[in-house]
Undergrad: 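My structure is below; once you've seen it, I'll send some questions.
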Amino acid sequence: MFEADLIPQLDCNGRALRLDQVRIMGILNVTPDSFSDGGRFASIDACLSHAQALVDAGADVIDVGGESTRPGAVQPSVEEECSRVVPVIEALCRTFEVPVSIDTSRPEVMRAAVRAGAGLINDVRALRVPGALQAAADLQVPVCLMHMQGEPESMQVAPHYDDVLSEVRRFLADRLFACELAGIPRKRLLVDPGFGFGKTAEQNFDLLGRLADLQSLACPILVGLSRKSMLGEVTGKPTNERLSASVVAAVLAADRGAHIVRVHDVAETRDGLSVWRALPRACSVRRQSSTAVAWPDDE
Ligand code: PT1
């Protein structure tokens, strides 16, 4: 066996995403009411220049989303969502070499996005929308399964858990099982605890503190903490002043075993991760064992 076979790697529609070290997913929102970009992207050109900045800053993958899933958001129509993301994905794939991820829950959007060149499905509803499991199985690209309690419109009303970590882990284990039954091999699956999706700040920090427990799912872990309200709760700062808090949160997640961090501020996150990586202990001891668990060669 060659050493390259032992390095965890996702095949994203012909583009490789190696997970031998923590990777950075840069956020590209194409919603008119973008979470912290204020809907600046009226045109594909504007999207491309933002993507260029993400790539220049060192993004390893670009996540394109046409549905805002921040608390209180309402879903657009399928047609609206497709018309936002498809032209952007086509342009990104023509222009850049990095893999492009599609942040969607709808099977129609998944199919159109992968046809346009997207190489990873990022689904905050973990393929629970009717038809999504089949679409993901057909499309043969990696899928990130995220935990959410409720729906974005109302998920922050009264989140409740007896034990947030074990409930999130059980949900993700059940979704992994459903995916495997539907014919999506384990090697193509990632998990995400869904910070801010139907969780109080206290529950979010409980999850972050115990993130390493999700390594028992034997899948790469993706996390999104960037600029979220849980960081506002502890700093007292609005979204546009959460940069330092976001970098610290990304590093804490990396230290607890996250493989991919989904962020707005790529350059600053890279610096944070570089400092973390310089610790001799950081990337060797615990991560090796998690990688050994994560990639059983049973296929
Ligand atoms: C995420 C994520 C995502 N987050 C994945 N995809 C968003 N895989 C969109 C707040 O509390 O964490 N993982 N796609 C953005 N959603 C939110 C949720 C934004 C909560 C802000 C908050 O402020």
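Quick caveat: nothing in here was measured; it's all calculated off a predicted structure. Order of listing sets the numbers, starting from 1, for every ligand and every atom in it.
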Undergrad: So, 4.0 Å and heavy atoms of Gly194: is ligand 1 close enough to count as a contact?
TA: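 Heavy atoms of Gly194 never come under 4.0 Å of ligand 1.
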Undergrad: Answer yes or no: is there a donor N or O on one side and an acceptor on the other, between the side chain of Arg23 and the main chain of His259, under 3.5 Å?
TA: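 No.
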Undergrad: Measure Pro152 to ligand 1 on non-hydrogen atoms and call it side chain, backbone, both or neither using the 4.0 Å cut-off.
TA: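 Neither; no heavy atom under 4.0 Å.
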Undergrad: Determine whether a donor-acceptor pair (N or O, by modelled atom type, separation under 3.5 Å) exists between the side chain of Asp63 and the backbone of Ile27.
TA: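 Looks like no, no N/O pair under 3.5 Å.
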Undergrad: Mind checking whether Leu225 contacts ligand 1 via backbone (N, CA, C, O), side chain (CB onward), both or neither, at a 4.0 Å heavy-atom cut-off?
TA: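 It is neither part, as no heavy atom is under 4.0 Å.
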Undergrad: Evaluate whether atom CZ of Arg128 has more than 12 neighbouring non-hydrogen atoms of other residues, nucleotides or ligands under 6.0 angstrom away.
TA: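 Atom CZ in Arg128 is crowded, with more than 12 foreign heavy atoms closer than 6.0 Å.
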Undergrad: What atoms in ligand 1 come closer than 4.0 Å to a heavy atom of Gly224?
TA: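 With Gly224 as reference, the close atoms of ligand 1 come out as 12 (O).
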Undergrad: Before signing off on this row, confirm whether Asp192 and ligand 1 have an N or O atom pair separated by under 3.5 Å.
TA: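 Right, the criterion is met.
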Undergrad: Donor-acceptor pair, distance only, cut-off 3.5 Å: does the side chain of Arg242 make one with the backbone of Arg227?
TA: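 Checking the backbone N and O of Arg227 against the side chain of Arg242, a donor-acceptor pair under 3.5 Å is found.
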Undergrad: Between Gln203 (side chain) and Thr200 (backbone), is there a donor-acceptor pair under 3.5 Å?
TA: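 Here the side-chain-to-backbone pair exists.
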Undergrad: Are there more than 12 heavy atoms of other residues, nucleotides or ligands under 6.0 Å from atom CD of Glu202?
TA: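 Count not over threshold, so no.
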Undergrad: Quick check against the 3.5 Å criterion: does Asp265 have a side-chain atom that pairs as donor or acceptor with the backbone of Glu268?
TA: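 Not a single qualifying donor-acceptor pair exists.
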Undergrad: Checking the N or O distance criterion of under 3.5 Å, is ligand 1 in contact with Lys228?
TA: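 Yes; the residue has a nitrogen or oxygen that sits under 3.5 Å from a nitrogen or oxygen of the ligand.
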Undergrad: Enumerate the atoms of ligand 1 whose separation from the nearest heavy atom of Met146 is less than 4.0 angstrom.
TA: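 Under 4.0 Å from Met146, ligand 1 has these atoms: 1 (C), 5 (C), 13 (N).
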Undergrad: Number the atoms of ligand 1 from 1 as they appear, then name those within less than 4.0 Å of a heavy atom of Val124, with their elements.
TA: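 Atoms satisfying the 4.0 Å criterion: 3 (C), 6 (N), 14 (N).
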Undergrad: Quick one: look at Arg262 and ligand 1, take heavy-atom pairs under 4.0 Å, and tell me if it's side chain, backbone, both or neither.
TA: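 Answer for Arg262: side chain.
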Undergrad: Less than 3.5 Å between some nitrogen or oxygen of Ser229 and one of ligand 1, yes or no?
TA: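 So ligand 1 has an N or O lying under 3.5 Å from an N or O of Ser229.
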Undergrad: Give a yes or no on whether the backbone of His160 and the side-chain of Gln149 come within a donor-acceptor separation of less than 3.5 Å.
TA: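 It does hold such a pair.
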Undergrad: Show which atoms of ligand 1 fall inside a sub-4.0 Å distance from at least one heavy-atom site of Leu222.
TA: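 Here the atoms of ligand 1 in question are 8 (N).
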